[in-house]
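Here the structure is a predicted model, which is why all the values come from computation and not from measurement. Numbering starts at 1 and runs along the sequence shown. Both counts, for ligands and for their atoms, begin at 1 and track the order of listing.
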Amino acid sequence: MTLTRFQSLTRGAADAPAVHLVTFGCQMNKYDSLLVEGRFARKGYRVTAELSEADVVLFNTCSVRDHAEERVYSWVGELKRAKEENPELVIGVMGCMAQRSGDDIFRRAGHVDLVCGTRQLQHLPEMVEELYELRRESRSRPPRVSALSLDDDVAVERAGEPYTGGRAGFLVAMRGCDLSCTFCVVPRTRGRVLSRPIADLVREARWMVAGGARAITLLGQTLNSYGEDLPVPAAGEPALRGRRGRPSLADLLYALEEVEGLARVRLITLHPAYVTRALAEALRDCSKVERFLPLPAQSGSDDVLRRMKRGYTTDLYRGRVDLLRGIVPDLELGSDWIVGFPGESDADFEATLAFAGEVGFSQGYVFKYDPRPDTAAELFQDDVPVEVKQERNQRLLRRVEEVALGRMEAWLGREVEALVDEPSPRRAGVVVGRTRHGLPVSLAGGAELLGREVRVAVDHATAFGLAGRQVIEAAALTGQ
Ligand code: SF4
């Protein structure tokens, strides 16, 4: 007897249908994959780490580079054989590549059954059910299901689900982006800004802490524009810290500061144009918020910034950094950089090198410009030769590391407070965490230190982080 899918759902956990997710790309994809696993678990599925065991295989994809999309097609290609052997297998593609390519994915990979965009992923279990029903109705040709609308809100209630995000978890505060940088595909793949209400985020943060999270990283494309799309609290509704007006990132930080058991709040990623005094004051006042801001500059040339449509000049950027450091003098900054953008001259590049040194970043990622379909810059002539891009990439990387090393070395001989996140992925007997300034720090130790805040005497620094030994408080030594 062939069981309908619903019948098998109600059978025991052991042979409950199994779902497996393969996640590519950014932290937001990592958050979304856990959210999707939670949706399936609610429907009686079990989440398996073994692709070979799965009844449903989903690829959560990235579109930021051509290479990222090609990797997905090669993974999907590998499953062609498995699908021939088991026609019941469901193969789905979700995330940014699904949003950008849509039904083209079916044309390129005929054994894919399901395509789900970035604002539809909460509906995936129902989409799989719909596919099973369609299969039952038509045995002639394999049905397909896709959902690509960018109008829906993805926010779902997580209470009742097991939290599986670990000691250092991610929390999506807002989705989408209202800007239109000419090199970027995100507005196309993730839609307009959609901020989640502070109350929902505080509730989810409490759920994460109850499940073992000690640090929460708030996620958004332009996190400091948080709340710009939210309504002004109506008359009679409690004002935000005595202030009428739309909620802001600062309000969210003050609210998370009240979450018991939460040790650290981290932020990814911000935009210079949205930096405000209120944000700087929240960084000063909220002891749980790490004093590190990823504030991508992308270039140090105003001509290049104009062609990138970044929405600021180097002077505006400097002014915002001065505002931040005027209120939080020990603030650390990180930046992303693009070299070889169309039209970038030697002088533009020299300006970028100088700007990276002038502002002083303790972290930096450098990328060679790569034209992306569905972006405005796709139409620009990609006129910087590959070897020049390569050479500029190396020179800027060296500069960024030089500057970062200088900022890290400033901590040598000092004691820092580190939240220990996890065992070192590379060295046994070593754990890694972050200082109150968001700097990576490693020290000798084992599971007993995980999730704890410890004092570390810094005795080593590289461009990528600090290392030291734990300072055992006198009190702990005497057992007081
Ligand atoms: S701010 Fe620019 S680079 Fe960042 S997500 Fe928006 S469009 Fe892309």
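In this structure, CG on Leu396 lies 11.5 Å from CD on Glu391, to the nearest 0.5 angstrom.
Taking the six-membered ring where tryptophan is involved, the planes of Tyr312 and Tyr317 are tilted, since the angle between them lies from 30° to 60°. Ring geometry for His437 versus Trp411: interplanar angle of 30 to 60°, hence tilted.
Salt bridge Arg203/Glu157: present, at least one basic N to carboxylate O contact under 4.0 Å.
Each protein N/O/S atom under 2.8 Å from atom 2 (Fe) of ligand 1 was counted, for a total of 1.
With sequence neighbours excluded, no residue satisfies salt bridge (charged side-chain N to carboxylate O under 4.0 Å, His left out) with Asp151.
Although no hydrogens or angles enter the test, the distance criterion places no donor-acceptor pair under 3.5 Å between the side chain of Thr222 and the main chain of His271.
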